[in-house]
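Here is the structure we will look at.
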Amino acid sequence: MTAIPHGSALLGRRGRLALDETLAALVVDGLVAADDARMVRMGSRAGRSTVELHPLVVIANARLPSQREPGRPLGLETLTEWLASQAGLPYLKIDPMRINVAAVTQTVSLAYAQRHRILPVAADPGAITFATCEPFDAGWARDLSQMLRRDVHRVVSSPLDINRYLQEFYGVQRSIQLAQDAKTAGYDSSTILNFEQLVELGKGGEVGADDRHVVHIVDWLLQYAFEQRASDIHLEPRREAGHMRFRIDGVMHKVFELPSPVMTAVTSRIKILGRMDVSEKRRPQDGRIKTRSASGREVELRLSTMPTAFGEKVVLRIFDPDIVSKSFQQLGFSEREASTWRAMVERPHGIVLVTGPTGSGKTTTLYSTLRHLATPELNVCTVEDPIEMVSPELNQMQVQASIDLDFAAGVRTLLRQDPDIIMIGEIRDLATAQMAVQASLTGHLVLSTLHTNDAPSAITRLLDLGVPHYLIQSTLTGVVAQRLVRTLCAYCKEPAAQDIDEWTALTHGWSVPVPETVFRPVGCLECRNTGFMGRTGIYEMLAFGPALRKLVSPQLELAQLTHGALAGGMRPLRVSAADQVALGLTTVKEVLTVLPPIDRADPDPAG
């Protein structure tokens, strides 16, 4: 966002802002045309709905064209930055993930904060920082400084953000306190945590106050995670307090702390929603929740619990329903990679493997591919542990170890279901690998995953499992190794010069020209000052052709196979990543954090 120079139209102003004087100051500073200001002023006088709104909200709702940036409307954040410059105060875009809610909500009451339109955003023993949307109304700051005996600092923030986070911070903190009070008041744990009864009582409007607070905390947690683009929610019990953490774009962020009794109640609430056994806390459990985001979009969450020293740890993995709708381009495939991948998966039979560590995007690649392949003319079946995302185009089976329904038994069952395409969640043992080979030999296309660092290692892994080399030769079609890297924020990334040493470390002997211009992360409002937004894939595609088939033998060495794959045209992960850096999508430093260690020589066939 363009920086707004300090103006003087409101210099010397005291008290709360009024619409007329705010519009006049905007006209003087050259942000709003006089005719547009007159139109907003007349509209506010004709209507009654804007009486309680902050002047900046009224002006932002009018979507007036900016006189400094033609073609762009004056947004609320731009107007707030302008107001901060007028008052000579710092501007702050409130990021709730950087605020210690438990600490700041203890500084002033909700009623006091609402009366003065302020929000505490930071607190330490010597000073407290408040966000305000009325920077010329400063009397409260002097009073508070005297009462609290601490310095009071002010920053200017959006009035909508202040109002919203006032309700969220104080509402959630009050629910936590009331839930904790109910625990310490001597309630029996089975009474306060019997959420099945809570659901029934809720239908009749007889929900107890204590249970309602726990429900509120869980509802807030889920909606907040959706809003923050989190892929996973971690609830981690500790001795003194439980920690809430989100994984966003592959990086963990601490969000909140809960008192231990409240964390226990929240965990039990989530287990009930996931149809899990609340009384069983000694063994791991899995569950599933289907809910909706604030926008009304259906969201699915997969739950996993694990007993720890201080209670049950819960991880909720969030699955975006659009995950199965991504095109190959959206997955990060180049045109060459997309063509190679289609050649692998559009064959009538064979085995195609996707490899990489947990969290490398294998599930997204497979589901998107199955969605691409699943036509009314084909019967597509899967066997998974667990079913990651329910899709109407697929026939999906869940592995049930308790009744001896493992991957091998599942594939055996699917072969009797007249399938055209089979997806196996993971090849973990020889029995599953043998069933995958059998399915391929009988004329089916088989897609599956393996946990290996690179594509050639998948072939040696199959040999290690005990699959005969001649069956690998006759059934394997191709292997794709992949990783996910964070992509630079399109709103704030800046051109930069590429460090030669970093580029050499990335390309590792491959003659890839250094790009003239690359980009570096900066940080802005859109990306929450991280400099990154979203992730994309980098790929190593090994098409298993005749030359490689001849190399496969019981005594096959990985180095020999790797050399043959590279000679046959396979481009390693590092070269794919270099292409993404050259396109300005990511950085060398980011890529190096996800690439496997260099434990083999990657000669450049062209060199």
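Hydrogens, waters and symmetry mates play no part in the numbers below; they use all other heavy atoms, side chains included.
When each of Asp420, Asn395, Asp418 is checked for a side chain to side chain donor-acceptor pair (under 3.5 Å) with Asn379, only Asn395 meets the rule. Checking Ile472, Val552, Leu430 one by one against Leu462, the side chain to side chain contact (heavy atoms under 4.5 Å, CB included) holds for a single residue, Ile472.
Thr365 and Trp341 share no side-chain donor-acceptor pair at under 3.5 Å. Checking Glu377 against Thr375 by side-chain atom types alone, a donor-acceptor pair falls below 3.5 Å.
Every pair tested for side chain to side chain donor-acceptor pair (under 3.5 Å) that includes a residue from residues 399-410 fails, sequence neighbours excluded, so the list is empty. Under the side chain to side chain donor-acceptor pair (under 3.5 Å) criterion, the residue pairs touching residues 221-232 are Arg164-Glu227, Gln228-Arg528, Arg229-Asp249, Asp232-Arg317, with sequence neighbours excluded.
At least one donor-acceptor pair closer than 3.5 Å links the side chain of Gln473 to the backbone N or O of Arg549. Side-chain atoms of Gln396 do not come within 3.5 Å of backbone N or O of Glu384 as any donor-acceptor pair. A donor-acceptor contact shorter than 3.5 Å links the side chain of Lys493 to the backbone of Gly584. Using a distance-only test at 3.5 Å, with no hydrogens or angles considered, a donor-acceptor pair links the side chain of Gln482 to the main chain of Ser360. For the pair Arg574 (side chain) and Leu506 (backbone), a donor-acceptor distance under 3.5 Å is present. Side chain of Gln398 to main chain of Ile387: a donor-acceptor pair is present (N/O by atom type, distance under 3.5 Å, no hydrogens or angles). In this structure, Ser576 contributes its side chain and Tyr539 its backbone to a donor-acceptor pair below 3.5 Å. Using modelled atom types, one side-chain atom of Lys362 and one backbone atom of Gly356 make a donor-acceptor pair closer than 3.5 Å. Under a 3.5 Å cut-off, the side chain of Ser440 and the backbone N or O of Val437 do not form any donor-acceptor pair. Judged purely by atom type and a 3.5 angstrom limit, Thr305 has no side-chain atom pairing as donor or acceptor with the backbone of Val314.
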Assess the residue pair Phe407 and Ile427 against the criterion (side-chain contact (heavy atoms from CB on, under 4.5 Å)); give the C-alpha distance rounded to whole Å, side-chain angles, the decisive distance to 0.1 Å, and a yes or no. CA-CA 8 Å; Phe407 279 117; Ile427 294 179; over 6 Å; no
Any chance you could lay out the side-chain contact (heavy atoms from CB on, under 4.5 Å) test for Val380 and Glu393, step after step, and finish with the verdict? CA-CA 8 Å; Val380 182; Glu393 294 87 359; over 6 Å; no
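Counting non-hydrogen atoms of other residues, nucleotides and ligands closer than 6.0 Å to CD of Glu335 gives a total of 12 or fewer. By the 6.0 Å contact criterion, CZ on Arg275 is open, its count of non-hydrogen atoms from other residues, nucleotides or ligands being 12 or less.
At least one side-chain heavy atom of Pro456 sits less than 4.5 Å from a side-chain heavy atom of Met570. Contact of the Pro521 side chain with the Thr587 side chain is registered, since non-hydrogen atoms from C-beta on lie closer than 4.5 Å. The side-chain heavy atoms of Ile248 and Thr530, taken from C-beta on, include no pair separated by under 4.5 Å. Looking at heavy atoms from C-beta onward, Val101 lies out of side-chain contact with Pro96 at the 4.5 angstrom threshold. A 4.5 Å side-chain heavy-atom check between Leu465 and Thr432 finds every atom pair outside the cut-off.
In this view, Arg336 satisfies the salt bridge (Lys or Arg N to Asp or Glu O under 4.0 Å) rule with no residue, not counting sequence neighbours.
One distance of note links CG of Leu561 with CG of Leu463; it measures 9.0 Å at 0.5 Å rounding. With values rounded to the nearest 0.5 angstrom, Thr586 atom OG1 is found 11.0 Å from Leu484 atom CG. Taking CE of Met344 as the reference point, atom CG of Leu542 lies at 7.0 Å (rounded to 0.5 Å). Note that CE of Met533 and SG of Cys527 are 5.5 Å apart. Values are rounded to the nearest 0.5 Å.
Ring orientation note: the planes of Phe328 and Phe333 are nearly perpendicular, at an angle over 60° on the 30°/60° scale.
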